[in-house]
Amino acid sequence: MGRAGRNHHVDYDASILGSNPMKLIDVTKAFQTDEQCLAYLETMRWPKGVRCPICGAKEVSKITRKTETKNKRGQLYQCLEPTCKQQFSATSGTIFHDSHLPLQKWFMAIALMIDAKKGMSALQLKRHLGCNYRTAWYLAHRIREAMDDPEGLKLTGTVEIDETYVGGKQRGHKSKLKNKDVVLGLRQRGGPLRLVHVEDNKGGTLYEAIATRMDKGVEKIMTDDAGAYNFRITQFRNAKHSKIRHSRKEYVKGEVHTNTVENAFSLFKRAVIGSYHQLSIKHLQRYLDEFSFRFNRREDQDIFEQTLSKMAGIGAMPYRKLVEETAFTKFVRPS
Ligand SMILES: [Zn+2]
């Protein structure tokens, strides 16, 4: 029995993938069939050659089967380890598994979403892909699932921190923000942005969210002079905490300001208002992740590849889990 090598027939046009950055049109050109998409996913998932996802064996053979239903793959691998014998494909156990949608549509949806600086609503996606709303909604959320930065990513250097409010109606003073959701923003100058949906704007809540996202070696922290930031950052001994006195209409004092994180907030808000009209608060963290994922990679040429390879490494997410009230946010305030 032979060992199945890497990609017997890589028949997508690999030269297109080198174009920078890859646009929707390139994705549409490069991936015209399900097989081309699958071959590409294979190289993403198994860059060193196909392995059985169950037992890890390298001894596998390629098989072709008749397909009765369109969501079953014709091209499969069979694990040759006698105690395993698992049949699998590059989509097995991934987010693409058990989808009725052709992989081309997935690829197009990913290209559309990474291209849309202001975000892409399910309604827009539905129109572009010619699928129904529920499919588009599910697709968008599953792509968003891949668009989160790793938990381990800690900010360092100079970090600006501020909070903003989403949803509800804002009337008057900041103390009347009961029906608004709080988003904490941390932006490393010249580095990544993190946006976090937090339960409230109390000092303890903000401190905890901040402390878990900063590197011990962080040098400078910039906030405004709101009471909630009146903490001593005991875990970060070497960090200097400077405050810009917004309460006294002071916005820049030398290097002390929170303007770059505020710019990110206003971009996010324009995107939310412009594209989503209404945004379900229970999914807020996902929209925040989607936004910062794109924002942090705005200079990257390979954002399509990065997104796809993350998706190829993510487990399947059943619809059931996706719609669970508490799947993303531990606190959902009554509306
Ligand atoms: Zn196996």
Side-chain angles (χ1 to χ4, degrees), residues 22-28 31 34 37 41 70-71 91 94-149 166-168 180-181 183 195-197 264-265 267-298 303-304 306-308 310-312 314-329 332-333 335:
M22 188 144 70
K23 293 263 188 272
L24 177 64
I25 183 78
D26 305 318
V27 172
T28 316
F31 304 106
D34 213 48
C37 298
L41 276 180
K70 63 176 178 179
N71 59 332
T91 62
T94 73
I95 212 159
F96 303 104
H97 189 66
D98 72 35
S99 163
H100 301 275
L101 237 88
L103 287 171
Q104 292 153 274
K105 298 243 171 173
W106 275 100
F107 279 37
M108 276 172 69
I110 295 165
L112 283 162
M113 282 181 68
I114 58 180
D115 218 25
K117 290 188 178 55
K118 291 183 171 181
M120 167 90 31
S121 69
L123 200 63
Q124 290 170 293
L125 209 52
K126 169 191 139 147
R127 288 194 203 111
H128 282 295
L129 298 178
C131 58
N132 69 41
Y133 182 80
R134 184 180 146 125
T135 302
W137 184 89
Y138 185 32
L139 202 50
H141 270 302
R142 288 208 283 189
I143 294 167
R144 255 171 226 130
E145 177 76 359
M147 291 180 164
D148 63 334
D149 280 305
V166 174
K180 286 209 155 215
D181 277 81
V183 173
L195 298 174
V196 193
H197 182 195
F265 282 152
L267 275 174
F268 176 75
K269 289 195 167 181
R270 260 179 276 153
V272 171
I273 294 161
S275 284
Y276 296 108
H277 306 290
Q278 54 187 28
L279 172 149
S280 168
I281 286 298
K282 71 183 174 193
H283 298 300
L284 179 59
Q285 188 59 53
R286 282 168 185 266
Y287 290 103
L288 295 170
D289 287 344
E290 177 195 351
F291 178 84
S292 35
F293 181 88
R294 223 174 6 237
F295 186 87
N296 290 337
R297 286 163 185 77
R298 64 200 182 283
I303 177 167
F304 178 81
Q306 284 186 47
T307 313
L308 202 64
K310 282 197 80 185
M311 294 181 73
I314 287 175
M317 178 184 259
Y319 188 77
R320 200 168 59 251
K321 190 186 161 202
L322 194 58
V323 294
E324 263 174 36
E325 276 283 309
T326 53
F328 328 108
T329 311
V332 176
R333 70 194 64 240
S335 45

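- The aromatic rings of Tyr287 and His141 sit perpendicular to each other, their planes meeting at more than 60°, with 30° as the lower class boundary.
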The test is side-chain contact (heavy atoms from CB on, under 4.5 Å); show your working for Ile143 and Trp106 and say whether it passes. CA-CA 9 Å; Ile143 294 167; Trp106 275 100; 4.2 Å; yes
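- Residues passing the side-chain hydrogen bond (donor to acceptor under 3.5 Å, both in side chains) test with Thr307: none are found, sequence neighbours excluded.
- Val196 places none of its side-chain heavy atoms less than 4.5 Å from the side chain of Leu288.
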Please evaluate residues Ile114 and Met147 with respect to the criterion side-chain contact (heavy atoms from CB on, under 4.5 Å), reporting the C-alpha separation (whole Å), side-chain torsions for both, the decisive distance (0.1 Å), and the verdict. CA-CA 10 Å; Ile114 58 180; Met147 291 180 164; 3.5 Å; yes
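- Checking Arg134 against Tyr138 by side-chain atom types alone, no donor-acceptor pair falls below 3.5 Å.
- Taking Asp289 as the reference, Asp148, Gln285 meet the side-chain contact (heavy atoms from CB on, under 4.5 Å) condition, with sequence neighbours excluded.
- Atoms NE2 and CH2, from His283 and Trp137 in turn, are 4.0 Å apart once rounded to the nearest 0.5 Å.
- Note on Arg294 versus Glu290: salt bridge recorded, some NZ/NE/NH1/NH2 to OD/OE distance being below 4.0 Å.
- The minimum heavy-atom distance between Met108 and Val27, with the atom names listed, is N-CG1, 4.4 Å.
- Inter-residue side-chain proximity for Leu139 and Leu129 is flagged as met; some heavy-atom pair is nearer than 4.5 Å.
- Across every non-hydrogen atom of His197 and Asp181, the tightest pair is NE2-OD2, 2.7 Å.
- Between Lys126 and Cys131 the shortest heavy-atom distance is CG-O, 3.0 Å.
- Using a 4.5 Å heavy-atom cutoff, the side chains of Met311 and Thr94 are not in contact.
- Between the side chain of Arg298 and the backbone N or O of Phe295, at least one donor-acceptor pair lies under 3.5 Å.
- Taking both residues in full, the closest heavy atoms of Phe31 and Cys37 are given as CB-SG, 3.7 Å, listed atom of the first, atom of the second, then distance.
- Between atom CZ of residue Phe265 and atom CZ of residue Arg270 there is a gap of 14.0 Å, rounded to the nearest 0.5 Å.
- Contact check for Asp115 versus Phe304: no side-chain heavy atoms found under the 4.5 Å cut-off.
- Atom NZ of residue Lys105 and atom CG of residue Asp34 lie 12.0 Å apart, to the nearest 0.5 angstrom.
- Residue His128 holds its NE2 atom at 5.5 Å from CG of Leu112, rounded to the nearest 0.5 Å.
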